[in-house]
Protein chains: 2
Amino acid sequence: MTESTATLSRSETTASKIIDAAKTLFVARNYADVTTDMIASAAGVTKGGLYHHFPSKESIYSSMMLDDFESKQRLFSQSVDMKGTARERLARLTGDFLALPAEERQMAGLVRRDINIFTDGDRDRLVRAYQLALPNQIEAIIKDGIADGELAPADPRLLSWWFVSLVEVAVSRYADETLGNPETRLDRVLALFFEGAEAKPDPAMSDGGTT
Amino acid sequence: MTESTATLSRSETTASKIIDAAKTLFVARNYADVTTDMIASAAGVTKGGLYHHFPSKESIYSSMMLDDFESKQRLFSQSVDMKGTARERLARLTGDFLALPAEERQMAGLVRRDINIFTDGDRDRLVRAYQLALPNQIEAIIKDGIADGELAPADPRLLSWWFVSLVEVAVSRYADETLGNPETRLDRVLALFFEGAEAKPDPAMSDGGTT
DNA sequence: CTACATACCGACTGACCGGTTTGTTGTATA
DNA sequence: TATACAACAAACCGGTCAGTCGGTATGTAG
């Protein structure tokens with residue numbers, strides 16, 4: 001999972017086959033409805049083989065999530081490190097996200113759904129990894145935007161959560177049909193976040209309008 | 001279940017005790033992690049007693065949800081029927097929502113988490129009741145807002161989902177600490193939805209900018 | 001070829017849980 | 001006070017599923 005193309009050992013290959021199978025299953029059904037037998041057979045091994053590589057069902061889930069968050073963290077950090085306005089950087093980050101295959105996108109939403117199956121320690125670890133991968137990076141950009149006067153002063157963390165939730169709606173099934181291609185979705189999300197839903201007079205012609 | 005204050009029969013009392021217990025448990029843990037024994041003992045009956053009133057665990061869950069949606073539907077319809085700008089009506093609706101006890105508020109988010117435990121028919125029924133209670137009513141207000149030129153033309157359904165997701169963030173634990181009282185939260189949600197996060201010159205003093 | 005390790009198989013187990021059954025208590029009616 | 005039925009209790013059943021365990025295959029080093 002971590003090394004990309006290079007030769008994987010037999011063990012690593014099997015482990016990543018298991019993680020891949022788990023991904024597909026866990027995005028489609030919730031934790032309790034995915035059995036270890038399902039994961040095993042989808043990965044082309046038996047339960048015995050599966051438990052040779054992972055000590056528990058929970059460990060499969062959490063290592064799957066941690067791997068995913070790590071890769072997302074890397075992907076999105078490019079937009080954070082990039083220079084430009086907050087809007088440009090958020091556009092790139094969101095664009096990168098929308099360009100991901102559907103499965104990878106949906107993984108981001110799994111934490112909220114399944115988080116309560118874990119107990120304290122593991123839950124905190126997962127949540128922290130998630131925040132590192134997504135909200136924290138958006139928050140960094142938003143902080144810059146506020147400092148530069150591009151965004152109105154506000155709690156940056158809260159704003160980043162709001163932004164994430166806007167994007168989550170934009171990847172929903174209905175938005176898929178309504179907005180179509182990723183560029184349109186991207187534009188809508190950014191426009192809504194920056195300018196809101198209010199009707200505005202066209203800024204080109206200076207004098208304005210309704211009420 | 002349907003009748004509100006009047007004297008409840010013994011059977012109705014027990015049934016509503018069961019529903020109440022189920023509410024607390026189902027908002028705290030997901031469907032699979034709540035056992036019928038837990039519900040029964042929290043309601044002060046045994047499993048036998050519980051199954052005297054409900055034919056299945058699913059039926060407990062779904063009738064709990066349907067009851068809740070029905071009451072929310074009634075509550076929010078007042079804001080829909082009210083006259084005023086879209087912003088005023090959304091403010092009232094959101095204010096009513098924020099004024100609900102925490103448990104009642106969180107119920108609204110349960111559908112998304114637990115919807116996949118149901119099969120086709122029941123799922124559709126639940127989703128339809130949810131949409132009737134929340135998104136559809138918000139959508140009605142938004143439609144008016146667009147027709148009146150108060151909101152920029154856009155898909156009203158998508159906008160209503162976006163609005164719901166903003167509110168959901170506003171009731172999160174962190175927002176609780178950051179924004180404090182419901183009025184502040186309400187103001188932030190509305191401002192963000194209508195005007196966005198962008199910095200704007202204060203409309204009072206015509207010339208702008210903190211830079 | 002031997003010895004040892006790692007990878008994997010698949011039958012099995014023990015616990016848990018949704019649902020049933022059988023029996024008991026309360027309560028209203030006549 | 002006998003009757004009848006609803007409201008519950010408690011033991012029980014059947015299925016499911018995470019995790020185990022004894023074994024077999026596939027290397028790999030000496």
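Order of the sequence lines fixes the chain letters, A, B, ..., with proteins taken first and strands second; residue numbering starts at 1 for each chain.
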Would you call [X]-[Y] a salt bridge at under 4.0 Å N-O?
X         : Y         : answer
Glu195(A) : Arg87(A)  : yes
Asp144(B) : Arg89(B)  : yes
Arg123(B) : Asp120(B) : yes
Glu104(A) : Lys23(A)  : yes

Expressed as a whole number of angstroms, how long is the span from [X]:[atom1] to [N]:[atom2]?
X         : N       : atom1 : atom2 : result
Phe54(B)  : dG18(C) : CZ    : P     : 15 Å
His52(B)  : dG23(C) : NE2   : C1'   : 15 Å
Glu58(B)  : dG18(C) : CD    : P     : 11 Å
Tyr51(B)  : dG18(C) : OH    : C1'   : 5 Å
Met38(A)  : dT16(D) : CE    : C1'   : 13 Å
His53(A)  : dA7(C)  : NE2   : P     : 6 Å
Ile60(A)  : dC17(D) : CD1   : P     : 15 Å
Ile117(A) : dA18(D) : CD1   : P     : 11 Å

- Query: Is there a side-chain polar atom (N or O) of Thr14(A) under 4.0 Å from OP1 or OP2 of dC8(C)?
  - Reply: yes
Residue pair Pro55(A)/Gly44(B) against DNA chain D: nearer the 5' end by closest nucleotide is Gly44(B)
Does Lys57(A) make a cation-pi contact with Tyr31(A) (under 6.0 Å, within 45 degrees of the axis)? yes
Going 5' to 3' through nucleotides 12-17 of chain C and flagging B where a protein heavy-atom sits under 4.0 Å of the base, S where only the sugar-phosphate is that close, and - otherwise, we get -----S
Review point. Taking the side chain as C-beta and beyond, is there a heavy-atom pair between Met38(A) and Arg29(A) under 4.5 Å?
Key: yes
